Enquirer: 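I'd like to ask you about the structure that follows.
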Amino acid sequence: MTTSSFIPGLELSHHFYLEAVRPLLEEAAPGIAHSAARLGSGSEVLGFDTARSADHEWGPRLQIFLHSQDVPRHGARITELLSERLPKTFRGYPTHFAPAGEADIRVMRTTDGPVHHRVEVTEPGAWFTAQLGFDPRTDITVADWLATPTQLLAEVTAGAVFHDGLGELVPARASLDWYPHDLWLYLLACQWRRVSQEEAFVGRCGEVGDELGSAVVAARLVRDLMRLCLLMERRYPPYSKWLGSAFARTPQAPALTPVLTAVLAATDWHTREHHLARAYEAVAATHNQLGLTDPVDPATRPYHARPFQVLHADRFTTALSTRITDPDISSLPTTGTVDQFVDSTDVLSDPGLTRAATNGLLSL
């Protein structure tokens, strides 16, 4: 593989569709209505890909969406024609994806035979349901929202639609653009509750000589504050690999990054707590700027009679909860979306497992 310089994956896939895939699609099924996009998993969909990304499941790839009745009529022929006629390389990158020896992972490799391409031919309902566990072209329920990890919502709403001849991808993605207002308030309230549950533990662990435990709690709180900032900015927090990259693009990042870094670098709980207090107050000020509730005092304070400086973040949970008007949402336990009570990348990448976990909680 020879490339003069790295091409971002979305740009590569867009050109691949226009110059290589679409002409063959029109030959295989002239005039067929279709949509084309690069959505779903992959660092390029979120805009975080680099040259390193090319080592697996990255390259000239996309989805072709057909009407449901057209997939059995034309799908196999389109897939076969692409395999036979796609160029072996495109913009210096192989179009053939060979097995990498790990499950279904494939990597770009040159070939002299038919191309095992990464052009998926599907229909919108099946694709969305496989990705999310539901079809957003119909009504989206509260359970749908809560059972879907923010990583998966980001993968479907990010990326790019190159052509929407079906007229279905753009409105479906728009319906997923962000949570309904009351549900947003609820998830913010749940995120503040996560902070409130552990903010005193940084000092308590340190007080008994457990600096390692104090550091672990502090790191959890840093992550929760980063996710909270993304939720405030109406951005779906990605999973751990890209959380810092996504946070860096928020308006809060320039001021907060050095403070949060100082929290993680601290070697004693007093210093850790000092920097966390600054971070709490900055995020609390951002909450007030949103105007979602009456202003809440952003100042930190002692934790009851104990000598630990905290925000008492539950005050923000209460303020947000009182603004929820939907009874179905206001009656929910303050556990939030699946990301707020499950922390396994295996679960958070499987719509079936996340739906089972969420439905189990909602049935309690």
Side-chain angles (χ1 to χ4, degrees), residues 9-10 35 37-49 63 65 120 122 124-161 164 168-191 194 223-224 226-247 249-250 326 329 332 335-359 361-362:
L10 283 183
S35 297
R38 176 66 183 98
L39 311 173
S41 62
S43 55
E44 68 270 34
V45 172
L46 301 182
F48 298 137
D49 56 326
Q63 294 90 19
F65 296 92
E120 180 183 6
T122 184
W127 189 86
F128 281 120
T129 301
Q131 288 292 124
L132 302 172
F134 65 94
D135 186 349
R137 299 175 306 163
T138 61
D139 289 339
I140 306 173
T141 68
V142 170
D144 290 334
W145 284 114
L146 295 179
T148 307
T150 52
Q151 170 70 23
L152 298 186
L153 289 168
E155 291 175 355
V156 170
T157 55
V161 174
D164 194 18
E168 297 183 14
L169 292 191
V170 170
R173 279 162 42 99
S175 71
L176 295 167
D177 185 58
W178 193 244
Y179 300 105
H181 185 73
D182 273 8
L183 198 56
W184 181 33
L185 297 179
Y186 166 72
L187 297 181
L188 288 171
C190 293
Q191 193 66 19
R194 284 182 58 91
R223 184 181 65 170
D224 279 337
M226 292 166 66
R227 290 179 60 88
L228 180 53
C229 286
L230 285 159
L231 289 172
M232 286 179 170
E233 291 299 316
R234 298 168 60 93
R235 304 184 189 189
Y236 293 119
Y239 75 134
S240 56
K241 179 164 63 170
W242 302 122
L243 180 60
S245 298
F247 173 74
R249 297 179 180 180
T250 65
D326 186 328
I329 296 175
L332 291 170
T335 46
T337 186
V338 64
D339 306 78
Q340 293 174 309
F341 65 88
V342 174
D343 191 21
S344 165
T345 55
D346 285 338
V347 173
L348 294 178
S349 62
D350 187 323
L353 291 177
T354 57
R355 186 164 291 267
T358 306
N359 288 342
L361 181 69
L362 294 177

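Just so it is clear, the structure is predicted and the values come from calculations on it, not from any experiment.
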Enquirer: Tell me whether the rings of Tyr236 and Trp178 are parallel (<30°), tilted (30 to 60°) or perpendicular (>60°).
Expert: tilted
Enquirer: Provide the full list of salt bridge (charged side-chain N to carboxylate O under 4.0 Å, His left out) pairs with a residue in residues 38-48, sequence neighbours left out, each pair given once.
Expert: Arg38-Glu44
Enquirer: Should Arg235 and Phe247 count as side-chain neighbours, where that means a heavy-atom distance under 4.5 Å?
Expert: no
Enquirer: So which atom in Pro238 and which in Leu230 form the shortest heavy-atom distance, rounded to 0.1 Å?
Expert: CD-CD1, 4.2 Å
Enquirer: Which residues satisfy the side-chain hydrogen bond (donor to acceptor under 3.5 Å, both in side chains) test with Thr157, sequence neighbours excluded?
Expert: none
Enquirer: Keeping Asp326 on the side-chain end and Asp182 on the backbone end, is there a donor-acceptor pair under 3.5 Å?
Expert: no
Enquirer: Quick one: salt bridge (charged side-chain N to carboxylate O under 4.0 Å, His left out) partners of Asp224, sequence neighbours excluded?
Expert: Arg194
Enquirer: Holding to salt bridge (charged side-chain N to carboxylate O under 4.0 Å, His left out), I want the full list of residues that pass it with Glu168, two or more places apart in sequence or in another chain.
Expert: Arg137
Enquirer: Might you point out which heavy atoms bring Leu176 and Leu153 nearest each other, and give the distance in Å?
Expert: CD2-CD2, 4.2 Å
Enquirer: Taking the side chain as every heavy atom from C-beta outward, state whether Val142 and Leu332 have any atom pair closer than 4.5 Å.
Expert: yes
Enquirer: After noting the C-alpha distance and the side-chain angles of Trp145 and Tyr179, does the key distance pass the side chain to side chain contact (heavy atoms under 4.5 Å, CB included) rule?
Expert: CA-CA 7 Å; Trp145 284 114; Tyr179 300 105; 3.4 Å; yes
Enquirer: Less than 4.5 Å apart, any side-chain heavy atom of Leu46 and any of Gln151?
Expert: yes
Enquirer: Do you know the tightest heavy-atom contact between Asp164 and Pro171?
Expert: OD2-CD, 4.1 Å
Enquirer: Return the minimal non-hydrogen interatomic distance between Asp339 and Thr148, and the atom names on each side.
Expert: OD1-O, 4.0 Å
Enquirer: Just how far is it from atom CG of Leu39 to atom CZ of Phe65, taken to the nearest 0.5 Å?
Expert: 5.5 Å
Enquirer: Gln340 and side-chain contact (heavy atoms from CB on, under 4.5 Å): which single residue from Thr150, Leu187, Thr335 fits?
Expert: Leu187
Enquirer: Can you list everything that forms a side-chain hydrogen bond (donor to acceptor under 3.5 Å, both in side chains) with Arg223? Sequence neighbours excluded, please.
Expert: Asp343
Enquirer: Using the side chain to side chain contact (heavy atoms under 4.5 Å, CB included) rule, take Met226 and Thr250 through it: C-alpha gap first, then chi angles, then the decisive distance, then the call.
Expert: CA-CA 9 Å; Met226 292 166 66; Thr250 65; over 6 Å; no
Enquirer: Hey, could you give me the OG1/CG distance between Thr337 and Leu183, rounded to the nearest 0.5 Å?
Expert: 8.0 Å
Enquirer: Would you call Ile140 and Ser175 a side-chain contact if the rule is heavy atoms closer than 4.5 Å?
Expert: yes
Enquirer: So which atom in Pro149 and which in Ala147 form the shortest heavy-atom distance, rounded to 0.1 Å?
Expert: CD-O, 3.4 Å
Enquirer: Are the side chains of Leu146 and Thr141 in touch, meaning some heavy atoms are under 4.5 Å apart?
Expert: no
Enquirer: Evaluate the criterion side chain to side chain contact (heavy atoms under 4.5 Å, CB included) for residue pair Val45 and Val156; output intermediate values, then yes/no.
Expert: CA-CA 9 Å; Val45 172; Val156 170; over 6 Å; no
Enquirer: Go through the structure and list residues passing side-chain contact (heavy atoms from CB on, under 4.5 Å) with Thr129, not counting sequence neighbours.
Expert: Asp135
Enquirer: Shortest non-hydrogen contact from Trp242 to Ser43?
Expert: CZ2-CB, 3.5 Å
Enquirer: Starting from the C-alpha separation in whole Å, work towards a yes-or-no answer on side chain to side chain contact (heavy atoms under 4.5 Å, CB included) for Trp127 and Glu120.
Expert: CA-CA 10 Å; Trp127 189 86; Glu120 180 183 6; 3.5 Å; yes
Enquirer: Quick check against the 3.5 Å criterion: does Arg173 have a side-chain atom that pairs as donor or acceptor with the backbone of Ala160?
Expert: no
